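Being a predicted model, the structure only gives us computed values, none of them experimental. Heavy atoms only: backbone and side chains are in, while hydrogens, waters and symmetry mates are out.
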Amino acid sequence: MQMEVPGSPGGPMSGLVASAVEYMVDAGQRSILFLDVMRRRGDQYREHVAQTAPHVLQYAAELIIDGRKLDEPVNYALVRIVPPAGVEIDSTRRPFIVIDPRAGHGPGIGGFKADSEIGVAMKAGHPCYFIGFLPEPVPGQTIERIARAEALFIEKVISRHPEADGKPCVIGNCQAGWAVMILASVRPELFGPLIIAGAPLAYWAGVHGKNPMRYSGGLLGGSWLTALVSDLGGGKFDGAWLVQNFEGQNPSNTLWTKQYNVYSKVDTEADRYLEFERWWGGHVNLNAEEIQFIVDELFVGNNLAAGNITMSDGQKVDLRNISSPIVVFCSKGDNITPPQQALGWILECYADVDDIRAYGQTIVYTVHENVGHLGIFVSGGVAKKEHAEFSSNIDLIDVLPPGLYEATFEAKDEETTSSDLVVGQWVMRCEARTLDDIRAMGGNSPEDERRFAAAKRVSQLNLAAYRKFVQPWIKSMVAPQTAEMMRNLHPLRTQYEAFSSQNPWMSAVKSAAEGLEANRKPVSNDNPFLAFQEQVSKQIVHALDSWRDSQEAMSEAMFLNVYGSPALQAAVGIDPKADPSRRREMPAEHRAMLDKRIAELRSRIGEGGLREAAIRALLYIGSARGMVDERSIEALRQARRDDSGARLTLAEFKMLVREQFFMLLLDREAALAVIPKLLPDDVNQRRAAFTTMSEVLSASEDITGERASRLQRVAQLFGLDAETSGRASNVAPFDPKARAS
């Protein structure tokens, strides 16, 4: 028997040494390749910022309006997206307009890849337009001026599609989301459905232990620091500061994971990383007036949800004025705009679902479980699922009866009922919800509201003091050259410049990387040193996350204690015992208009014909389920398509659905009782309409329970016997005990 000696050929030590050599060769090669990726990133950055109109759109575009040439010039532009080869556009379908966020980065993220908001909309056959911007703002440009320019852009799109079946669907991402909501509240007639993705509409909202960004304004003493940075920038605010704030929310990703992921997978990850960094590093500037409005009115003031923003012409910005359906995308994994901030405005605007209906509003929201902030409008998975489904079923959203709904998605498979009626790979349902469902996500207590109100007041006092005592002095010291130098020396810019080819050391890196192409020797997946490397990485991430969590906990405790002080609250004019509820009452003029509309609908309950009777009956039966399924809408669409009678436009059909819905809501029994008077004498026409209703109702599942009871009642109202009604497809046997009263 021969004993193996450690270090001898074939011994364990020999295998360990071989693994170490293999790992060191790979690690050395990866280090060179990683540095070369950083060089390419720096060169890409320099090339990108040198362009007059840098963007990351993956589609060809045709300029329609240059905002710099308007009477009130802005640095925004409207372009038409040119469909790529193989994509067919239906000119009669409503246009989609994507507005990109101007929150420190450049434009194009909505069309960043094929599976994007623009990509899925075009795949569904919609003409697409894009509203982007240039890196430098026009002097004197304000948020209100931009809103007026965007209104002109939308008017232009509408004029280009006179035969479209609806007003444009407008998508607002992040910052563009709240900007679109402001515009839609003052110009509601311009809009079809609104899709608002990751937009902080109620910035104070959140839960303890999470969402630390909402405390930043109070901890920094308010918006005076924003004014200072703008003054140091010569009247411009460097968007790199906003990007730095975003990066600060996830230091483990910013300082380690993002780069480590490239280093550890440098053979496969470089192109994806560089593609994203081209957008992430494209910082843009804002005018001082723009950023001050954003911070004062939204971030610190939270005035949008409260209805406290007033335009220059005196018009109040009231989100309840929006007449188009509103679709809200948010995610529990979003630490920039959590669901509470994306949806909290609903609680501040409306008392209950009936209040939402009183304004004729339809709100649909969907909450992703884990995708991050950028993933809401960048992730290919979200684009192929949520964005694709809404793009394909936007007409469903537009004709939903007023109310609050949550959109849910179920994967289509071989067992899916009526799968031929499903447009994409997911079955979309809009399920009725109440405001309690939003409250259940968590939110502020009255004590929290008083804290934020105190922080707002402190901000106003500090800003006034800064403007009076410090601002004149700062402005007199800062020359344009000084401001430009400070922008160029921002840490986020210098990290790109330092690794570009401008650095003479990087030419050696480039040569070494090129020489590795033929001699690349990746480490084997079972190498123990590679496993140790992964373990070290996890420990670094854990340490950075723990540091972040401790900092956030300390920041929250400081904010809650400082601004929760009754003495401070009283000193700044906040009653420490007052109820800070901010929900607004319905304006008297809207109440008068509503009362008039109610009286009109009541007087017309007995008017109409077979079409009105059928829609009324469908709504009555379908409301028992508490949801609307895309298959039912597709079945109804096909029935309309096959209708040989006079066709209704989508707008006319929407009005018909809403009127019948409200008639049922106002007096259900009276609305049902008059159905026989609306029907034709021809029993065959009545039977055909009833059969169509049954097919629509059974498109997603069998008609059972309360829906079956209501269907039988409608059969009687239509003058059809039990045998005829029972022959409708997929209708369960009638149970007399379950009949609706």
Side-chain angles (χ1 to χ4, degrees), residues 320 323-325 350-363 395-405 430 432 434 586 590-628 632-633 636 639-640 643 645-680 685-686 689-690 692-694 696-697 706-707 709-720 739-741:
R320 297 175 298 182
S323 56
S324 305
Y350 306 102
D352 50 34
V353 173
D354 284 339
D355 206 14
I356 295 176
R357 291 168 176 160
Y359 281 90
Q361 184 55 267
T362 302
I363 303 172
D395 293 347
L396 181 157
I397 302 297
D398 206 14
V399 300
L400 274 178
L404 179 66
Y405 303 85
C430 293
T434 70
M586 183 179 293
H590 187 82
R591 171 59 65 186
M593 181 189 70
L594 184 62
D595 290 342
K596 180 179 178 181
R597 180 61 172 159
I598 289 174
E600 178 190 355
L601 288 173
R602 285 186 184 276
S603 69
R604 294 174 50 204
I605 283 180
E607 297 179 5
L610 178 59
R611 181 176 278 157
E612 285 74 14
I615 294 297
R616 189 178 302 179
L618 267 176
L619 290 169
Y620 165 64
I621 300 168
S623 63
R625 190 184 181 195
M627 70 170 66
V628 179
S632 297
I633 295 297
L636 182 59
R640 289 179 63 231
D643 185 4
R647 287 291 308 278
L648 293 176
T649 66
L650 185 63
E652 291 170 339
F653 182 71
K654 176 179 178 179
M655 180 60 69
L656 174 62
V657 169
R658 291 196 162 213
E659 286 187 346
Q660 299 307 313
F661 172 79
F662 281 121
M663 287 176 183
L664 284 168
L665 199 64
L666 291 171
D667 193 336
R668 189 175 77 176
E669 291 306 313
L672 294 174
V674 300
I675 282 181
K677 299 178 181 178
L678 306 180
L679 299 173
Q685 291 184 30
R686 285 183 272 132
F690 183 85
T692 298
M693 282 191 293
S694 300
V696 169
L697 291 165
E706 175 67 11
R707 292 202 304 154
S709 302
R710 294 189 180 192
L711 182 65
Q712 293 290 346
R713 184 180 182 186
V714 168
Q716 295 175 4
L717 292 171
F718 271 57
L720 304 176
R739 179 174 175 176
S741 59

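No donor-acceptor pair under 3.5 Å is formed between the side chain of Arg611 and the backbone N or O of Leu656.
The local environment of CE in Met586 is crowded, with over 12 non-hydrogen atoms from other residues, nucleotides or ligands closer than 6.0 Å.
In this structure the side chain of Gln660 reaches within 4.5 angstrom of the side chain of Glu612, judged on heavy atoms. Within the 4.5 Å cutoff, the side chain of Arg357 has heavy atoms near those of the Phe662 side chain. Counting only heavy atoms from C-beta outward, the side chains of Ser623 and Arg668 never approach each other to under 4.5 Å.
Under a 4.0 Å N-O distance rule, the pair Glu607/Arg616 does not qualify as a salt bridge. Electrostatic pairing of Lys596 and Glu600 does not count as a salt bridge here, judged by no charged N lying under 4.0 Å from a carboxylate O.
Taking both residues in full, the closest heavy atoms of Val353 and Gly403 are given as CG1-CA, 4.2 Å, listed atom of the first, atom of the second, then distance. Asp355 and Asp352 make their closest contact through N-OD1, 2.8 Å (heavy atoms, listed as atom of the first residue, atom of the second, distance). Listed here is the closest heavy atom pair of Val399 and Val657: O-CG1, 3.6 Å. Among all heavy-atom pairs drawn from Pro402 and Thr362, the shortest one is CA-OG1, 3.4 Å. Pairing each heavy atom of Ala671 with each of Ile605, the nearest pair is CA-CG2, 3.7 Å. Here the closest heavy-atom approach between residue Gln361 and residue Pro325 is recorded as OE1-CA, 3.8 Å.
Geometrically, Arg686 does not engage Phe718 in a cation-pi contact, judged by NZ or CZ lying under 6.0 Å from the ring centre and within 45° of the ring axis.
For the atom pair CG of Leu618 and CZ of Arg710, the computed distance is 12.5 Å after rounding to the nearest 0.5 Å. Within the model, atoms CE of Met593 and CG of Asp595 stand 10.0 Å from one another, a figure rounded to the nearest 0.5 Å. One finds the CD atom of Gln712 at 9.5 Å from the CD1 atom of Ile621 (value rounded to the nearest 0.5 Å). Interatomic distance, CE of Met663 versus CD1 of Ile615, reported as 12.5 Å (0.5 Å rounding). The structure places CD1 of Ile356 at 4.5 Å from CD1 of Ile363, a figure rounded to the nearest 0.5 Å. The CG atom of Leu601 sits 4.0 Å away from atom CZ of Arg597, with the distance rounded to the nearest 0.5 Å.
Ring geometry, Tyr350 versus Tyr359: the interplanar angle exceeds 60°, so the pair is classed perpendicular (tilted spans 30 to 60°).
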